[in-house]
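Read through the structure below, which is laid out as structure tokens, and then see the notes.
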Amino acid sequence: MSEPIITTEKLNLWYGDSLALKDVSIQVENRLVTALIGPSGCGKSTLVRCFNRMNDLVDCCRIHGSVRYHGKDIYGTGSDPVEIRRRIGMVFQKPNPFPKSIYENVAYGPRVHGIKDSSKLDAIVERSLRNAALWDEVKDRLNESAMGLSGGQQQRLCIARTLAVEPEVILMDEPCSALDPIATAKIESLIDELKRNYCVIIVTHNMQQASRVSDYTGFMYLGEMIEFGETGRIFESPDQELTENYITGRFG
Amino acid sequence: MTDKFHHELVVVKDEVLAMAYMAEGMLRDSVAALRTGDRALAASVKERKSALTGRNDTLEEELYHLIALYHPVARDMRMIACSLKVIGSSERIGRYGKDIASVVLETEDNNRLPDIVSALSIPHMADLVLSMINDALKAYDGEDIAYITRHSERDDTVDLLRHTIFREGLSYMMEDPRTISRCTNLLMVARYLERCADHSCKIAEKVIYMVTGERIEIR
């Protein structure tokens with residue numbers, strides 16, 4: 001493994017008295033796709049939300065241990081959550097475009113970060129939509145409402161919106177669960193393209209999706225990282241019986 | 001859905017075993033026919049060959065369906081990979097049984113065959129090979145590699161026996177040229193038996209993969 005981009009060490013997280021993550025220690029490599037799988041409530045979404053401090057918004061949440069991004073503790077003093085969320089973007093389960101035009105959805109982030117020049121914004125919008133494999137489908141209707149796009153297009157728009165602020169890591173929490181198989185295939189192809197330039201971490205319930213798109217897979221159960229390793233090995237011959245029982249459908 | 005899949009896996013495994021024991025039976029009966037010169041038994045082995053091929057084709061199709069429909073992973077995938085090897089190797093073992101039966105049927109002075117068969121240690125070699133096949137199938141059935149831990153040494157013994165039989169056969173042929181036709185046929189039988197031992201090793205390799213996930217080569 002080359003230098004990891006995100007590292008967690010003995011990460012524990014509580015929601016009130018309930019322990020949601022238990023001693024999670026993993027290393028995520030750049031320009032690869034890492035999938036997190038496990039049954040509902042195992043902590044996989046909670047874990048990715050730690051990577052860009054989304055859990056800060058939950059009142060009763062406490063964290064022990066460390067999450068390092070390029071070696072710096074993102075929960076350390078002087079760490080800026082806004083900057084972290086710019087560098088570590090997130091795409092959610094349900095496409096959530098703003099009720100604005102396609103153009104404005106993508107331009108929103110760069111504007112918030114201070115870019116006013118319209119030609120610069122035009123270039124960012126085009127580049128982001130191209131990188132999200134959406135440009136050809138929307139280039140003639142950039143000023144139409146994003147709400148008129150199909151579910152799959154809306155999700156790719158959300159990815160374009162994430163890309164517009166030039167992140168390094170893209171977190172995806174069940175990005176295809178609300179999409180049909182064709183739209184899912186497009187997102188999966190896009191993930192494969194994105195890993196050339198970004199680190200992608202995807203949470204998925206769909207184990208075939210994890211095996212198709214990821215280079216590394218982590219299996220979580222009851223808040224613990226039971227096994228983390230190369231996807232081919234995990235799906236051919238995992239080390240842990242718990243992993244094997246889960247991926248072969250014997251529980252979960 | 002996964003319960004249905006796992007039930008189908010159990011059913012198909014039983015069918016794979018039934019096919020493998022059918023092939024083992026063909027080899028066993030062909031060797032018995034060779035030992036006794038029993039032409040009727042040899043003919044019945046030949047008759048079973050098309051049914052064996054049919055079972056192989058059906059099972060291969062069933063296993064491919066399981067892959068296409070359920071996308072198996074981990075131990076389920078390894079079990080299917082192993083089962084494909086078991087049916088492929090079993091079909092070859094059964095066909096060697098048919099080839100040995102053909103030797104019985106095609107050798108002209110067939111009632112003199114048993115003497116030379118015994119003299120050439122073919123029964124001993126056949127017993128070793130059949131026990132290797134049986135143990136590989138027991139290991140597959142019980143997912144227990146204890147049965148096949150010595151397969152490599154046993155295969156070495158079988159290879160050695162083939163060389164011994166070759167040398168013995170040569171001596172007989174030099175001593176009495178009238179035995180040339182019978183002996184050359186029997187040298188082919190020794191070769192078929194040696195190949196059957198190799199197939200049992202191939203099955204054993206895949207059983208180890210099925211049980212442990214490790215790919216090893218049994219030499």
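Numbered from 1 within each chain, the chains take letters A, B, ... in sequence-line order. No hydrogens, no waters, no symmetry mates; every other heavy atom, side chains included, goes into these values.
Within 6.0 Å of NZ in A:K22 there are 12 or fewer heavy atoms belonging to other residues, nucleotides or ligands. A:H70 NE2: more than 12 foreign heavy atoms inside a 6.0 Å radius. Residue-environment remark: CZ (B:F166) stays at or below the threshold of 12 foreign heavy atoms within 6.0 Å.
Proximity to chain A (any heavy atom under 4.5 Å) is shown, for B:R75, by both the backbone and the side chain. Within the 4.5 angstrom heavy-atom criterion, only side-chain atoms of A:Q208, from C-beta onward, approach chain B.
Residues passing the ring pair (Phe, Tyr, Trp, His ring centres under 6.0 Å) test with B:Y209, sequence neighbours excluded: none.
A side-chain donor-acceptor contact under 3.5 Å links B:H6 to the backbone of A:T248.
Scanning all heavy atoms of the two residues, the minimum distance from A:S237 to B:R78 falls at CA-NH1, 3.4 Å. Across all their heavy atoms, A:I247 and B:V73 have their closest contact at O-CG2, 3.2 Å.
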